[in-house]
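Just so it is clear: chains get the letters A, B, ... in the order the sequence lines come, proteins before strands, and each one is counted from 1.
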Protein chains: 2
Amino acid sequence: MHSQNLINIISDQLPNLNKSESKVARVILADPDSATRSSIAALAKAAEVSEPSVNRFCKRFNAAGFPDFKLKLAKALVSGVRFVNRNVDPDDEVSSYTPKIFDGTINNLAMVRDKISHSRVNQVVDKLIQAKRIYFFGVGASGSVARDAENKFFRFNLPVSFHDDVLMQRMLASTGSTGDVFFFISHTGRTKEVVEIAEIARASGSTVIGLTAPDSPLAQVSSVTLDVEVPENTDEYMPMTSRIVHLVILDVLATGVTLRRGPDFLPHLEKIKNSLKPTRYPRSN
Amino acid sequence: MHSQNLINIISDQLPNLNKSESKVARVILADPDSATRSSIAALAKAAEVSEPSVNRFCKRFNAAGFPDFKLKLAKALVSGVRFVNRNVDPDDEVSSYTPKIFDGTINNLAMVRDKISHSRVNQVVDKLIQAKRIYFFGVGASGSVARDAENKFFRFNLPVSFHDDVLMQRMLASTGSTGDVFFFISHTGRTKEVVEIAEIARASGSTVIGLTAPDSPLAQVSSVTLDVEVPENTDEYMPMTSRIVHLVILDVLATGVTLRRGPDFLPHLEKIKNSLKPTRYPRSN
DNA sequence: CTTTATTTGTAGTAAACTTACGTAAATTAT
DNA sequence: ATAATTTACGTAAGTTTACTACAAATAAAG
């Protein structure tokens with residue numbers, strides 16, 4: 001299991017800190033990387049507190065002292081998480097907003113990586129393995145995720161399709177039967193139309209899988225759900241990253257299915273890969 | 001390899017070091033983790049050299065001084081455990097392959113984040129801002145990325161469309177004119193059909209943007225390229241992550257365009273957001 | 001309003017790190 | 001081989017950094 005990242009711990013604890021400690025926390029979270037390179041005096045000055053306050057802050061987070069804290073912070077940064085609550089500012093340059101967006105995405109991925117239920121993943125892989133037929137449903141931005149899922153899963157020699165048209169989805173859901181898997185992808189899990197279609201699919205006796213927000217209406221009507229908790233983007237400039245998390249989870253599921261199929265299945269995948277060769281210019285190097 | 005691990009660098013350089021420096025190196029390599037926690041005096045004593053020798057050793061490896069060196073060493077230790085052994089094994093359990101896939105994706109994002117050319121991003125944002133019309137083209141897995149791009153960019157009040165059908169793409173490319181932007185998304189940049197279409201678009205006087213592998217045939221026919229170098233997946237079980245990197249880059253571009261449009265444009269985005277409200281179940285909390 | 005607890009800062013001290021300089025070792029040339 | 005020159009290394013001093021003890025200030029409780 002992954003240990004919770006120091007930066008996340010700090011931002012979680014932010015409300016529980018007293019005045020000067022939270023000042024320190026904010027300065028560190030604003031630019032953790034530069035924090036690892038600065039002295040206790042510099043950090044104290046930046047946070048407008050005294051040096052011992054910085055020291056006390058470090059000890060609160062189970063560090064021996066300031067140098068030890070910096071070390072732990074540096075390690076936390078490597079695992080991919082930087083600029084946690086650095087929002088894009090209206091006057092940001094390319095060189096600022098580019099890493100911020102990457103880091104925001106990376107941060108969300110790391111969070112879901114540590115939170116996702118492995119037993120749920122296993123359950124979903126089970127359902128997908130047993131499926132006679134798989135439908136990936138999504139609308140709007142999730143439609144692209146569903147399309148990508150189709151592209152991954154057709155390799156398993158199963159009847160797979162994706163649909164981003166709600167009328168089509170509704171008709172297919174109503175004709176479902178035992179052994180069919182309807183895989184719903186939705187960021188909010190609150191789109192009425194989608195929830196209704198999931199209910200129809202469920203009523204038809206099919207398996208309904210929801211890749212969506214926990215406790216959402218869609219989650220409630222699903223047979224199995226994969227919970228994805230990604231912070232709502234309050235910031236106007238910050239993109240929605242749930243799509244990307246969804247894609248990675250579908251990668252995980254596809255890998256799970258491949259592994260279950262065993263090594264005998266690899267030649268089939270190889271064949272598909274090779275089929276594309278004649279469409280490409282050969283590599284010179 | 002571009003980001004060689006500090007520990008490997010030290011052991012590579014071991015024969016080139018002089019007497020006292022190699023003493024220091026051996027002590028550090030024997031237990032790098034404890035080295036990150038010890039003072040310069042303790043390390044000097046353990047290596048039986050003077051403190052300045054340790055300091056000189058650090059500077060030789062491009063550190064500002066001893067503390068900076070310890071920081072870099074600590075980072076190297078973390079990246080070693082997390083990112084090195086990231087291939088999925090045939091006998092991996094859910095609890096193993098799930099974090100591996102997330103980490104693999106995160107690793108690639110971090111690599112591209114550090115490598116991407118900000119001036120290129122700026123150039124592409126320029127072109128998109130000036131565009132009279134934007135076409136996002138992709139086939140196969142990149143088709144989903146193109147579809148997602150359409151979903152992001154239509155918000156800018158521009159004629160935008162995506163196409164995953166090569167015949168459609170070919171026809172549209174031939175009818176292009178100055179002011180049109182054809183945005184090609186391709187992992188390899190070597191699909192003959194796609195390169196041909198890009199050539200047609202280019203010949204029509206339109207701007208061709210390539211989000212693809214550097215130095216690929218597609219990159220060569222593009223007006224501007226955004227290079228994405230993601231390692232080829234030699235491992236059968238590891239998913240292709242370039243799609244995800246492409247999506248994040250499109251997020252970056254969309255943010256760039258939003259920022260250029262300025263704050264007057266925010267109400268428009270808000271309006272689009274609000275338009276979806278009636279389709280959703282309201283949140284209870 | 002006083003007392004008590006908590007938070008925060010000041011000042012002093014110890015430790016850690018770096019720099020300058022001088023000596024020793026090694027290399028090269030004579 | 002030995003002098004000259006370069007390179008390596010350590011001593012000592014200076015500077016920065018971090019920690020501790022204590023006191024002032026603030027907040028909470030009686």
Closest listed nucleotide, where the reference is the side chain of [X] and the choices are [options]:
{"X": "A:Ile40", "options": "C:dC17, D:dC19, D:dG10", "answer": "D:dC19"}
{"X": "B:Ser39", "options": "C:dA16, D:dT20, D:dC19", "answer": "C:dA16"}
{"X": "B:Val49", "options": "D:dG10, C:dC17, C:dG9", "answer": "D:dG10"}

To the nearest Å, how far apart are [X] [atom1] and [N] [atom2]?
{"X": "A:Phe57", "N": "D:dA18", "atom1": "CZ", "atom2": "P", "result": "15 Å"}
{"X": "B:Leu17", "N": "D:dA8", "atom1": "CG", "atom2": "P", "result": "11 Å"}
{"X": "A:Phe66", "N": "C:dC17", "atom1": "CZ", "atom2": "P", "result": "13 Å"}
{"X": "A:Asp68", "N": "D:dA18", "atom1": "CG", "atom2": "P", "result": "12 Å"}
{"X": "B:Arg56", "N": "D:dT7", "atom1": "CZ", "atom2": "C1'", "result": "11 Å"}
{"X": "A:Asn16", "N": "C:dT6", "atom1": "CG", "atom2": "P", "result": "16 Å"}
{"X": "B:Glu48", "N": "D:dG10", "atom1": "CD", "atom2": "P", "result": "10 Å"}
{"X": "B:Glu21", "N": "D:dT7", "atom1": "CD", "atom2": "P", "result": "14 Å"}

Do NZ/NE/NH1/NH2 and the carboxylate oxygens of B:Lys152 and B:Asp251 come within less than 4.0 Å?
yes
From the list B:Ile106, B:Asn108, B:Ile101, side chain to side chain contact (heavy atoms under 4.5 Å, CB included) with B:Thr241 holds only for B:Asn108
> How would you label the contact of B:Lys23 with the nucleic acid (heavy atoms, under 4.0 Å): base, sugar-phosphate, or nothing?
Replying inline: nothing
Between [X] and [N], does any side-chain N or O lie under 4.0 Å from OP1 or OP2?
{"X": "A:Ser53", "N": "C:dT8", "value": "no"}
{"X": "A:Asn18", "N": "C:dT8", "value": "yes"}
{"X": "A:Ser20", "N": "C:dT7", "value": "no"}
{"X": "A:Asn55", "N": "D:dC19", "value": "yes"}
{"X": "B:Lys70", "N": "C:dC17", "value": "yes"}
{"X": "A:Lys19", "N": "C:dG9", "value": "no"}

task: Assign the ring pair A:Phe57 / A:Phe69 to parallel, tilted or perpendicular, where the plane angle (0 to 90°) is split at 30° and 60°.
output: perpendicular
Rounded to the nearest 0.5 angstrom, the CD1-OG distance for B:Ile209 and B:Ser222 is 8.5 Å
Quiz item: Does the side chain of B:Asp103 reach to within under 4.5 Å of the side chain of B:Lys100, using non-hydrogen atoms?
Solution: no
DNA chain C nearest-nucleotide lookup for A:Arg60 and A:Glu51: closer to the 5′ end is A:Arg60
